[in-house]
Amino acid sequence: VQLQASGGGLVQPGGSLRLSCAASSGRRFRINVMGWYRQAPGKQRELVASIRTDESTNYADSVKGRFTLSRDNAKNTGYLQMNGLKPEDTAVYYCNADVLEYTPTLRRREYWGQGTLVTVSS
């Protein structure tokens, strides 16, 4: 499974961005949990938000009320809407997926997308 992340960029404080993470594969699969992590310079990677198959979500306290994670199961794509961005949101954002693959054998694996840089600065 390949995860393609997009949507990062430079935005002023208070602005908005939407990140997308599209999963693709030549084999049949299902995404159980999709998440976004971020890593700021000199800091450890941290979970920003995650969403399960039933669309229940979990958010880091630092982004609650500002970020919204959604998913389109038909497109195997997740969307992280980020509003009210702050300079402390500046980081490389990575999408992550816990995937159930049906072929060649039934197995569960975790995948990471490439990072996309979000810079919040005036």
Side-chain angles (χ1 to χ4, degrees):
V1 175
Q2 294 80 44
L3 300 181
Q4 181 66 46
S6 61
L10 173 64
V11 64
Q12 292 187 341
S16 299
L17 282 174
R18 189 176 83 153
L19 305 183
S20 299
C21 179
S24 63
S25 174
R27 297 172 176 168
R28 185 175 164 222
F29 68 97
R30 184 189 75 185
I31 299 173
N32 295 321
V33 182
M34 179 174 279
W36 282 95
Y37 290 72
R38 67 186 181 186
Q39 188 166 21
K43 295 187 177 181
Q44 289 188 329
R45 190 173 296 189
E46 62 175 356
L47 176 66
V48 176
S50 62
I51 185 167
R52 296 186 173 276
T53 304
D54 62 3
E55 300 194 13
S56 60
T57 53
N58 178 53
Y59 295 96
D61 288 343
S62 59
V63 306
K64 283 181 180 177
R66 299 188 296 123
F67 291 11
T68 303
L69 181 57
S70 61
R71 60 189 288 172
D72 183 333
N73 291 325
K75 296 181 178 179
N76 290 312
T77 301
Y79 305 97
L80 183 66
Q81 178 66 42
M82 305 186 295
N83 298 328
L85 284 162
K86 305 176 181 180
E88 51 264 43
D89 294 318
T90 295
V92 177
Y93 284 69
Y94 298 90
C95 64
N96 170 277
D98 178 272
V99 175
L100 183 64
E101 296 177 303
Y102 295 94
T103 60
T105 59
L106 187 65
R107 64 181 183 182
R108 184 176 176 181
R109 294 189 65 181
E110 181 182 34
Y111 292 91
W112 289 90
Q114 88 286 4
T116 184
L117 177 62
V118 172
T119 303
V120 185
S121 175
S122 55

Hey, does the side chain of Thr119 reach the backbone of Thr90 with a donor-acceptor pair shorter than 3.5 angstrom?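 Checking the backbone N and O of Thr90 against the side chain of Thr119, no donor-acceptor pair under 3.5 Å is found.
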Can you tell me if Arg66 uses its side chain to pair, donor with acceptor, with the backbone of Gly84 under 3.5 Å?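 Such a contact is found between Arg66 side chain and Gly84 backbone.
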How far does [atom1] of [X] sit from [atom2] of [Y], to the nearest 0.5 angstrom?
| X | Y | atom1 | atom2 | result |
| --- | --- | --- | --- | --- |
| Leu19 | Trp36 | CG | CH2 | 4.5 Å |
| Thr77 | Gln4 | OG1 | CD | 10.5 Å |
| Leu10 | Ser122 | CG | OG | 9.5 Å |
| Ser25 | Leu3 | OG | CG | 10.5 Å |

Under a side-chain separation threshold of 4.5 Å, the hydrophobic residues clustered together with Tyr79 are none
Show, in sequence, the C-alpha distance, side-chain angles and deciding distance for Thr57 and Phe67, and conclude whether the side chain to side chain contact (heavy atoms under 4.5 Å, CB included) test is met. CA-CA 11 Å; Thr57 53; Phe67 291 11; over 6 Å; no
Determine the minimum heavy-atom distance between [X] and [Y], stating which atoms define it.
| X | Y | value |
| --- | --- | --- |
| Thr103 | Arg27 | OG1-CB, 3.3 Å |
| Ala23 | Val1 | CB-CG1, 4.1 Å |
| Tyr94 | Gln114 | CD2-C, 4.1 Å |
| Leu117 | Ala91 | CD1-O, 3.6 Å |
| Thr116 | Ser6 | OG1-C, 4.4 Å |

Using side chain to side chain donor-acceptor pair (under 3.5 Å) as the criterion, list what pairs up with [X], not counting sequence neighbours.
| X | answer |
| --- | --- |
| Ser16 | Asn83 |
| Gln39 | none |
| Thr105 | none |

Suppose we screen for salt bridge (charged side-chain N to carboxylate O under 4.0 Å, His left out). Which residues come up paired with Asp61, at least two apart in sequence or across chains?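 Asp61 satisfies salt bridge (charged side-chain N to carboxylate O under 4.0 Å, His left out) with Lys64 once adjacent residues are dropped.
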Consider only side-chain heavy atoms of I, L, V, M, F, W and Y, link residues closer than 4.5 Å, and tell whether Val33 and Val99 are in one cluster. no
Applying disulfide bond (SG atoms under 2.5 Å apart) as the test, list every pair that has at least one member in [range]; sequence neighbours left out.
| range | result |
| --- | --- |
| residues 38-102 | Cys21-Cys95 |
| residues 28-88 | none |
| residues 25-76 | none |

Distance-only donor-acceptor pairs under 3.5 Å for side chains of residues 69-76, two or more places apart:
from  : atom 1 : to    : atom 2 : distance (Å)
Arg71 : NE     : Asn73 : OD1    : 2.6
Arg71 : NH1    : Asn32 : O      : 3.3
Arg71 : NH1    : Ile51 : O      : 3.3
Arg71 : NH1    : Arg52 : O      : 3.0
Arg71 : NH2    : Ile31 : O      : 2.7
Arg71 : NH2    : Asn73 : OD1    : 3.1
Asp72 : OD1    : Ala74 : N      : 3.1
Asp72 : OD1    : Lys75 : N      : 3.2

List the atom pairs, with distances to 0.1 Å, where a side-chain N or O of residues 43-50 and a protein N or O form a donor-acceptor pair under 3.5 Å, not counting sequence neighbours.
from  : atom 1 : to    : atom 2 : distance (Å)
Glu46 : OE2    : Arg38 : NE     : 2.7
Glu46 : OE2    : Arg38 : NH2    : 3.3

Sub-4.5 Å side-chain heavy-atom contact between Val92 and Tyr37: no
Listed once per pair and sorted, the salt bridge (charged side-chain N to carboxylate O under 4.0 Å, His left out) pairs that draw on residues 104-122, sequence neighbours left out: Asp98-Arg108, Glu101-Arg107
Apply ring-ring contact (aromatic ring centres under 6.0 Å, His included) to Phe29 and list each qualifying residue two or more places apart in sequence or on a separate chain. none
